[in-house]
Q: 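Have a look at this one before I ask anything.
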Amino acid sequence: MTDILCAGHANWDVTLQVDRLPQPDDEARITGRRQSGGGSAANAAAVLAQLQVDTALLGSVGRDERGQEIRRELTDLGVETGLLEAVTAETTTKYLIVDQVGEVLMLGNEGANERFDIDSGTSETLGDVEHLHLTSQRPDTALELARRAAERGVSVSFDPGRRVADRKYEPVLERTDLLFVTEREFESIGRESRPGQTVVVKRGERGAQLRDGGVETHSGFDANVVDTAGAGDAFAGGFLATRRHRSAADALAVANACGAVAVQSLGARTRLSWDDIDALLADSA
């Protein structure tokens, strides 16, 4: 039985570190470069698998070299990729430009990452899953997955990402048990948690808050910020890995630790282990 199924984007990321973000008719100097797999669902799945959670990914990549490399990378990290479809489209590539303080400018093509189908096999898979984690994807796809999860008594978390304000996600939010948002995203949707729903607000260097009628806060960790891309996905993975068996306070602490590890290296695909997290928790104590 799969512990957590992550559904959403699997991309190829090209990350350029620059001395500053250029203005129009301007030029910046490239100081670092990295290529690797990315995408919010794939990033969260990678963190979960590295934290010893049995994790599968539902998504799509192209039948090209980058799609094959994404599959190999995730498989090597321990993610089950049997539901990662190979479709007739170019693998989605995101170009991330990161300045010296970790601020990110992102460019992307449409590509393959929203081409996956939901069929009867997906329903059967959800019958063998403890939890469904949705990330940025087509609203109709997210809603159908949430609906099928509810039919099978599977809990649902949702991390809608930057496009929450311009995509019609409200029906999905109504079916979400656990919602991950940044402060700006939380303000853009203009809502508190509904009864029975937990909202986790990611606050960057100021840590995070959990809202479920009351408020639980963790102030976060000091970190040498290199690149903030993927930090929110690492945060969600850490929270989900911990909350299954431990308290909300513990889950917030681990999630913030995962985010702190993520921002200290270039690229959105975070490499970590429980040893890394435990060391950070021990240092803060």
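Treat the numbers as computed from the prediction; the structure is a model and nothing was measured.
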Q: Strictly by ring-ring contact (aromatic ring centres under 6.0 Å, His included), give each pair with a member in residues 152-179 just once, sequence neighbours left out.
A: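 Listed once each, the pairs are Phe158-Tyr169.
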Q: After noting the C-alpha distance and the side-chain angles of Asp128 and Thr2, does the key distance pass the side-chain contact (heavy atoms from CB on, under 4.5 Å) rule?
A: CA-CA 6 Å; Asp128 292 324; Thr2 299; 5.9 Å; no
Q: If the condition is side-chain contact (heavy atoms from CB on, under 4.5 Å), which residues does Glu205 pass it with, not counting sequence neighbours?
A: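 Glu205: no side-chain contact (heavy atoms from CB on, under 4.5 Å) contacts found.
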Q: Could you pull out the closest heavy-atom pair between Cys258 and Ala234, with the gap in Å?
A: CB-O, 3.4 Å
Q: Any Lys/Arg nitrogen of Glu73 or Arg271 sitting under 4.0 Å from an Asp/Glu carboxylate oxygen of the other?
A: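 The answer is yes: the pair qualifies as a salt bridge.
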Q: How close do Gly127 and Arg152 get, heavy atom to heavy atom, and via which atoms?
A: N-CD, 3.8 Å
Q: Measuring from atom CG of Asp275 to atom CG of Leu280, what distance do you get when rounded to the nearest 0.5 angstrom?
A: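 Rounded to the nearest 0.5 Å, the CG-CG separation comes to 12.5 Å.
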Q: Side-chain atoms of residues 77-86: list all donor-acceptor pairs with protein atoms under 3.5 Å, sequence neighbours left out, distances to 0.1 Å.
A:
residue : atom : partner : partner atom : Å
Glu80   : OE2  : Gly82   : N            : 2.7
Thr81   : OG1  : Thr75   : OG1          : 3.3
Glu85   : OE2  : Asp117  : N            : 2.9

Q: Who passes side-chain contact (heavy atoms from CB on, under 4.5 Å) against Arg184, sequence neighbours left out?
A: Thr182
Q: Would you give the length of the straight line joining atom CG of Leu57 to atom CG of Leu5, rounded to the nearest 0.5 angstrom?
A: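 So the CG of Leu57 and the CG of Leu5 are separated by 7.5 Å.
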Q: Which atom pair, heavy atoms only, marks the closest approach of Val154 to Val129?
A: CG2-O, 3.4 Å
Q: Linking I/L/V/M/F/W/Y whenever any side-chain heavy atoms sit under 4.5 Å apart, do Ile118 and Val172 land together?
A: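 Looking at the clustering, Val172 is in the same group as Ile118.
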Q: Between Gln35 (side chain) and Asp13 (backbone), is there a donor-acceptor pair under 3.5 Å?
A: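 No, because the side chain of Gln35 does not come within donor-acceptor range (under 3.5 Å) of the backbone of Asp13.
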Q: Kindly give the cluster partners of Val225, where membership spreads through any ILVMFWY side chain lying under 4.5 Å from a current member.
A: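 Same cluster as Val225: Val263.
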Q: For Glu114 and His9, which I'm curious about, is there any donor-acceptor pair between the side chains at under 3.5 Å?
A: yes
Q: Would you please name every residue forming a ring pair (Phe, Tyr, Trp, His ring centres under 6.0 Å) with Phe180, sequence neighbours left out?
A: His133, Phe239
Q: Of all heavy-atom pairs between Ser60 and Val87, which one has the smallest distance, and what is that distance?
A: CB-CG1, 4.1 Å
Q: Look up atom OG1 in Thr217 and atom CD in Gln209, then write down how far apart they are to the nearest 0.5 Å.
A: 4.0 Å
Q: Among residues at least two apart in sequence or on other chains, which ones pass side-chain contact (heavy atoms from CB on, under 4.5 Å) with Arg147?
A: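 Glu144, Glu151, Arg175.
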Q: Here's a test for you: under side chain to side chain contact (heavy atoms under 4.5 Å, CB included), which of Val53, Asp3, Ile4 qualifies with Glu130?
A: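 Output: one option passes, namely Asp3.
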Q: Taking only residues two or more places apart in sequence or in another chain, which ones pass ring pair (Phe, Tyr, Trp, His ring centres under 6.0 Å) with His131?
A: none
Q: Show me, pair by pair, the donor-acceptor contacts under 3.5 angstrom made by side chains of residues 103-113, not counting sequence neighbours?
A:
residue : atom : partner : partner atom : Å
Asn109  : OD1  : Thr93   : N            : 2.9
Asn113  : ND2  : Asn11   : OD1          : 2.6

Q: At what distance, to the nearest 0.5 angstrom, does CG of Leu179 lie from CG of Leu173?
A: 6.0 Å
Q: Using every non-hydrogen atom in the two residues, find where Leu96 and Ala229 come nearest and quote the distance to one decimal.
A: CD2-CB, 3.4 Å
Q: Considering residues at least two apart in sequence or located in another chain, which fulfil the side-chain contact (heavy atoms from CB on, under 4.5 Å) criterion with Asp64?
A: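 Per chain and number, Asp64 pairs via side-chain contact (heavy atoms from CB on, under 4.5 Å) with Arg66, Glu90, Thr91.
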Q: Identify the two heavy atoms, one from Cys6 and one from Leu48, that lie closest to each other, and give their separation to 0.1 Å.
A: SG-CD1, 3.7 Å
Q: With clusters defined by side-chain heavy atoms of hydrophobic residues (ILVMFWY) lying less than 4.5 Å apart, directly or transitively, does Val200 cluster with Val215?
A: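 No: no chain of side-chain contacts under 4.5 Å links Val215 to Val200.
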Q: If you group Ile, Leu, Val, Met, Phe, Trp and Tyr by side-chain heavy-atom gaps below 4.5 Å, do Val101 and Val98 land in one group?
A: no
Q: Using modelled atom types and a 3.5 Å cut-off, is there a donor and acceptor pairing between side-chain atoms of Asp99 and backbone atoms of Leu21?
A: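 Side chain of Asp99 to backbone of Leu21: no pair is present.
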Q: Under the side-chain contact (heavy atoms from CB on, under 4.5 Å) rule, what do Val47 and Phe235 come out as? Steps first, then yes or no, please.
A: CA-CA 9 Å; Val47 168; Phe235 178 100; over 6 Å; no
Q: Step by step, would you call Leu178 with Arg243 a side-chain contact (heavy atoms from CB on, under 4.5 Å)?
A: CA-CA 11 Å; Leu178 171 60; Arg243 190 66 182 99; 5.8 Å; no
Q: How many angstroms lie between atom OG1 of Thr125 and atom CZ of Arg148, to the nearest 0.5 angstrom?
A: 10.5 Å
Q: Can you hop from Leu126 to Leu143 via hydrophobic side chains spaced under 4.5 Å?
A: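 Linked, Leu126 and Leu143 end up in one cluster.
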Q: State which residue, out of Lys202, Arg211, Arg203, fulfils the salt bridge (Lys or Arg N to Asp or Glu O under 4.0 Å) condition with Glu183.
A: Arg203
Q: Within this structure, what is the OG-CG distance for the pair Ser157 and Leu134, rounded to the nearest 0.5 Å?
A: 7.0 Å
Q: Might you work through the side-chain contact (heavy atoms from CB on, under 4.5 Å) test for Trp12 and Val61, ending with a clear yes or no?
A: CA-CA 9 Å; Trp12 185 255; Val61 294; over 6 Å; no
Q: Treating Glu170 as the side-chain partner and Lys168 as the backbone partner, does any N or O pair qualify as donor plus acceptor under 3.5 Å?
A: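 No, the answer is negative, given that no donor and acceptor are paired below the 3.5 Å cut-off.
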Q: List the atom pairs, donor and acceptor, that lie under 3.5 Å between side-chain atoms in residues 248-257 and the rest of the protein, sequence neighbours left out.
A:
residue : atom : partner : partner atom : Å
Asp250  : OD2  : Ser247  : OG           : 3.4
Asn256  : ND2  : His218  : ND1          : 3.0
Asn256  : ND2  : Leu252  : O            : 3.4

Q: Quick one: does Gln50's side chain have a donor or acceptor within less than 3.5 Å of a partner on Ala46's backbone?
A: yes
Q: Using the side chain to side chain donor-acceptor pair (under 3.5 Å) rule, collect all pairs that involve residues 219-241, keeping only residues at least two apart or in two chains.
A: Asn43-Asp233
Q: Hydrophobic clusters here meaning ILVMFWY residues chained together by side-chain heavy-atom distances under 4.5 Å, can you tell me if Leu210 and Leu240 are in one?
A: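 Same cluster.
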